[in-house]
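In this text the structure is predicted, and so the values were computed from the model without any measurement.
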Amino acid sequence: MRWSQTLIPTLRETPAEAEIVSHKLLLRAGLIRKLTGGLYTFLPMGLRALRKVEQIVREEMDRAGALEVLMPALQPPDLWRQSGRYETAKDVLFKAQDRAQKEWVLGPTHEEVITALVAGEINSYRQLPKNFYQIQTKFRDEIRPRFGLMRAKEFIMKDAYSFDATDEAAQVSYGKMYEAYKRIFERCGLKTIAVEADTGVMGGKFSHEFMVPAETGENEVVLCQGCGYSANLEKATSRFPHSVLADSPSGPTEKFPTPDVTTIAGLAGPPYKVPASEQIKTLVYVVESKPVLILLRGDDQLNEAKLARALGATTFRPGEPEEIHAALGAHPGSLGAVGVARYPIYADERLRGALDMTTGANEDGFHLRNVAIGRDIQVSHWQDLRLVQDGELCHHCGQPLKIQRAIEVGHVFKLGVKYSLALHAFFLDEAGKQQPAIMGCYGIGVTRTLQAVIEQNNDANGILWPLSVAPCSVCVTPLSIAPGGKVMQLAERLYTQLTDDGVDVILDDRDERPGVKFKDSELVGFPLRLAIGEKSLAAGEVEIKPRAGVLMRVKTEEAMEKLMGLLGCGPARNP
RNA sequence: CGGGGUGUAGCUCAGCCUGGUAGAGCACUACGUUCGGGACGUAGGUGUCGCAGGUUCAAAUCCUGUCACCCCGACCA
């Protein structure tokens, strides 16, 4: 590949639209261009890198025994009605109409399609296990696309679906994918953490997310330095002290006026000075149009994912002020659960046995003190409902937990039989009995992974591609391009040799000053640069500069061998 | 969907407050000089000032509406 003939529109200045370093570099290095919000064109170098990631994914999926297929992106909505996701996933579904006004959906994922396929083709336990995967464009109506390829309306995903006859076999399939994912991300040069994750709307028993630690990530994970426990913040729990302040209540509840105080912080400040940890926070959620009270300690935050599990409901929402007033007779800020018997009361475990607490009186402008859980508040459900906070202790080993932001690049789910039941993916077992196939599903955001590689591998000058995903491994940089000159002759020769040896190489044959070529090659981030200039050539030398390493001067005749060594290709073959 | 911000040359942005007919740097074209870390000179091209109304003798500038994009939040298999 010759630089002068491809298209690598590097930018000296940062486009205003980019916020995070990887997005800036994708644009500045001329890898992608935006068509419109959440939709990007891959330019030649960006596409090359993307293909490398795809190939790694493909190789590792094949190695793990998965079978590559390609399913339609355009899908009939009936399939989605059958699985129930036409409703539950409606917010992310893109829809289209044909000329007869018949409706179609653009696939945000392919559980329905693959399960329908398996329902038709797999009839016997003898045909199991099977794992099908594809690398394909997905469409999601994201509320807010952002950060370039990180969250886009259209993106490339590798999705795989395993089908097993037994739970134990499904476990094995899951394990294979888990191991394959570790290999994939390692080969991409990414440091990832596998964390326990919430299964969300997807349903299913358990799951792991593969996270790339990055301050710009949209997720938060909880890590234990001691025992290696790691979980998505939505799922994470910790060992926490209970709020037992005394052996017995110090007195009966007592109402006191708190005009204008409607927040935990307000009550914690003067003149009241009730520490947040001695307050009970009362939230009202509406579940299937009925109010539910949620109690937390004043200094804790509600984890809605945990609440969803506790409620066993997927549709719930915080109550509106009018609804709350109608239910409890007071507005948010003065709410409490004392004496409330009409509504279910879900309390966080941390409040168990708490005495001498302060909470709202269900009368605007008043609070109650000396509130004792159990005596004054009848909790109907005890649950872990709180968000873990940085520095709390691990429930396994007692070491402090750390909260780290991260980018989710992969997700493995044990799905169970939700889709096989809905779409009739049954097989006959050894006893001739009809059974639903047990499924797993496994996703990798390929385009997101590409961006994560950049997010994790860059410096002030540009991208630092790992060799495995670099658009080109070597940039041959003649500092003079005079056609008959020694510099260009040698550059052409080495370029041809490298190409013949199967190395992805680009020849910077542009009529540019050396400074421009150096800056550009570093911005785009080619792992090795071979510079040929008249000065060093006069001494019989060329320069090899690893993108992240120190410059080496080598004898011209040793250049190939040295390069191939750095590329891990062994000694150069003789032409 | 709520809050905030921005739309002016391919890119980054100034001009808007205080109305008078559009600018800088980078990029681009030509020529010359230069040539190992984003060169310099000379000349040149480049705009429905996001769109639509309104006010005005006159609107990039003031007003109204609208669209798009960005940020925060909500949401997110």
Side-chain angles (χ1 to χ4, degrees), chain A residues 9-20 23-24 27-28 30 33-39 80 83-93 105 107-112 138-148 150-153 155 157 159 161 197-204 207 209 216 218-219 232 234 304-305 308 314-315 317-318 408 410-413 415 418-419 439 441-443 445 448 460-462 477-482 485 487 508 510-524 529 531-538 541-543 545 551 553:
Chain A
T10 57
L11 302 173
R12 190 180 302 198
E13 289 173 292
T14 305
E17 72 197 56
E19 193 73 8
I20 65 175
H23 188 194
K24 289 176 183 168
L27 292 165
R28 285 194 59 211
R33 281 295 181 266
K34 182 169 80 170
L35 174 63
T36 183
L39 299 173
W80 288 77
S83 71
R85 289 208 297 181
Y86 189 79
E87 279 305 314
T88 56
K90 66 175 186 297
D91 289 344
V92 299
L93 272 186
V105 304
T109 176
H110 282 69
E111 280 80 8
E112 283 80 1
K138 305 289 192 227
F139 301 87
R140 290 190 195 178
D141 190 0
E142 290 289 349
I143 298 170
R144 179 145 89 97
R146 61 178 131 180
F147 301 146
M150 281 294 176
R151 181 170 291 273
K153 288 179 188 293
F155 59 97
M157 185 181 198
D159 47 325
Y161 308 91
D198 190 61
T199 50
V201 182
M202 218 39 221
S207 85
E209 288 172 344
T216 53
E218 295 187 87
N219 297 76
N232 185 310
E234 291 185 337
E304 286 203 351
T314 50
T315 51
R317 59 177 175 82
E408 179 191 348
H411 203 160
V412 292
F413 274 100
L415 268 184
K418 175 180 170 183
Y419 295 93
M439 292 177 61
C441 78
Y442 317 93
R448 180 184 282 184
N461 293 319
T477 308
L479 301 184
S480 148
I481 60 156
V487 168
D508 191 352
R510 295 176 299 167
D511 186 12
E512 288 288 355
R513 300 163 64 87
V516 172
K517 293 190 174 192
F518 291 154
K519 287 288 186 192
D520 272 349
S521 73
E522 283 161 17
L523 178 57
V524 183
R529 181 174 67 218
I532 306 164
E534 275 166 23
K535 286 181 190 166
S536 53
L537 199 53
E541 290 177 336
V542 295
E543 289 166 7
K545 171 72 171 67
L551 188 140
R553 292 173 177 276

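Nucleotide B:U18 is matched to nothing when pairs are restricted to Watson-Crick or G-U wobble geometry with both distances under 3.5 angstrom. The partner of B:C1, taking Watson-Crick or G-U wobble pairs whose two distances both stay under 3.5 Å, is B:G73. Base-pair partner of B:A9: not found among the strands shown (Watson-Crick or G-U wobble, both distances under 3.5 Å). Both distances falling under 3.5 Å, in either a Watson-Crick or a G-U wobble arrangement, place B:G41 opposite B:C31. Base-pair partner of B:U64: B:A52 (Watson-Crick or G-U wobble, both distances under 3.5 Å).
Applying the 3.5 Å distance criterion, the base of B:G3 shares no donor-acceptor pair with the side chain of A:Arg144. One can find a donor-acceptor pair under 3.5 Å joining the base of B:G37 and the side-chain atoms of A:Glu522. Counting distance only, with no hydrogens placed and no angle test, the side-chain atoms of A:Glu512 and the base atoms of B:G38 include no donor-acceptor pair under 3.5 Å. Scanning atom types as modelled, no donor and acceptor separated by under 3.5 angstrom connect the side chain of A:Arg12 and the base of B:U12.
The NE2 atom of A:His411 sits 14.0 Å away from the CG atom of A:Asp159 when rounded to the nearest 0.5 Å. In this structure, the separation between CG on A:Leu415 and CD on A:Glu111 is 6.0 Å, given to the nearest 0.5 Å. Expressed to the nearest 0.5 Å, how far CG of A:Asp511 lies from CD1 of A:Ile481 amounts to 4.0 Å. Between the CG atom of A:Leu11 and the CG atom of A:Asp520 there is a distance of 10.0 Å, given to the nearest 0.5 Å.
For the pair A:Lys517 NZ and B:A39 C1', the computed distance is 15 Å after rounding to whole Å. Counting to the nearest Å, the P atom of B:C76 and the CG atom of A:Asn232 are 13 Å from each other. The nearest whole Å value for the distance from the CZ atom in A:Arg28 to the P atom in B:U12 is 12 Å. In this structure, CG of A:Leu27 is placed 11 Å from C1' of B:C11, rounded to the nearest angstrom. For the pair A:Arg529 CZ and B:G37 C1', the computed distance is 9 Å after rounding to whole Å. A:Glu218 has its CD atom 13 Å from the C1' atom of B:C71, to the nearest Å. If you measure from atom CZ of A:Arg151 to atom P of B:G73, you get 12 Å, rounded to the nearest angstrom. Atom P of nucleotide B:C76 and atom CG of A:Leu93 are separated by 14 Å, given to the nearest angstrom.
Looking only at distances, a side-chain donor or acceptor of A:Arg33 sits under 3.5 Å from a matching main-chain atom of A:Leu27. In this structure a side-chain-to-backbone donor-acceptor pair under 3.5 Å is present from A:Arg448 to A:Met150.
Comparing atom distances between the A:Arg513 side chain and each of B:U12, B:C35, B:G36 picks out B:C35 as nearest. Listed candidates were B:G38, B:U34, B:G36. Nearest to the side chain of A:Pro514 is B:G36. Listed candidates were B:C72, B:G36, B:G38. Nearest to the side chain of A:Lys519 is B:G38. Here B:G36 is the nucleotide among B:G36, B:G38, B:C75 with the atom lying nearest to any side-chain atom of A:Phe518. Of all nucleotides listed (B:G36, B:C71, B:C70), B:C70 comes nearest to the side chain of A:Glu17.
Separating the C1' atom of B:A24 from that of B:A30 is a span of 22 Å, rounded to the nearest Å. Annotation: B:G15 and B:C71 have their C1' atoms spaced 25 Å apart (nearest Å). Taking atom C1' in both B:U56 and B:G19, one finds a spacing of 9 Å when rounded to whole Å. One C1' atom belongs to B:A52, the other to B:C57, and the distance between them is 23 Å to the nearest Å. Atom C1' of B:C63 sits at a distance of 14 Å from the matching atom of B:C16, rounded to the whole Å. Look at the P atom in both B:C75 and B:U12: the space between them is 32 Å, to the nearest Å. Atom name C1', nucleotides B:G47 and B:U8: the rounded distance is 8 Å, in whole Å. With both ends at atom P, the span from B:G37 to B:G25 equals 25 Å, rounded to whole Å.
When each of A:Arg529, A:Lys517, A:Arg28, A:Lys545 is tested with A:Glu522 by the rule salt bridge (Lys or Arg N to Asp or Glu O under 4.0 Å), just one qualifies, namely A:Arg529.
Note on A:Arg33: nothing from the nucleic acid sits closer than 4.0 angstrom, heavy atoms only. Note on A:Pro108: a base of the nucleic acid sits closer than 4.0 angstrom, heavy atoms only. Using a 4.0 Å heavy-atom cutoff across all strands shown, A:Glu304 reaches sugar-phosphate atoms only and no base atom. No contact: A:Asp91 has no heavy atom under 4.0 Å from any strand. As judged by a 4.0 angstrom heavy-atom cut-off over every strand, A:Glu19 is placed among residues touching the sugar-phosphate backbone only. Nucleic acid contact class of A:Tyr86 (heavy atoms, under 4.0 Å, all strands): none. Using a 4.0 Å heavy-atom criterion, one finds that A:Ser480 contacts no nucleic acid atom at all. A:Lys34 comes within contact range of the sugar-phosphate backbone alone, with a heavy-atom separation under 4.0 Å but no base atom that close.
Place A:Pro145 and A:Ala531 on RNA chain B by their nearest nucleotides, and A:Ala531 ends up nearer the 5' end. Residues A:Glu13 and A:Lys535 each lie close to RNA chain B; by heavy-atom proximity, the contact nearer the 5' end of the strand is made by A:Glu13.
Enclosure of atom CD in A:Glu218 by more than 12 non-hydrogen atoms of other residues, nucleotides or ligands within 6.0 angstrom is indicated.
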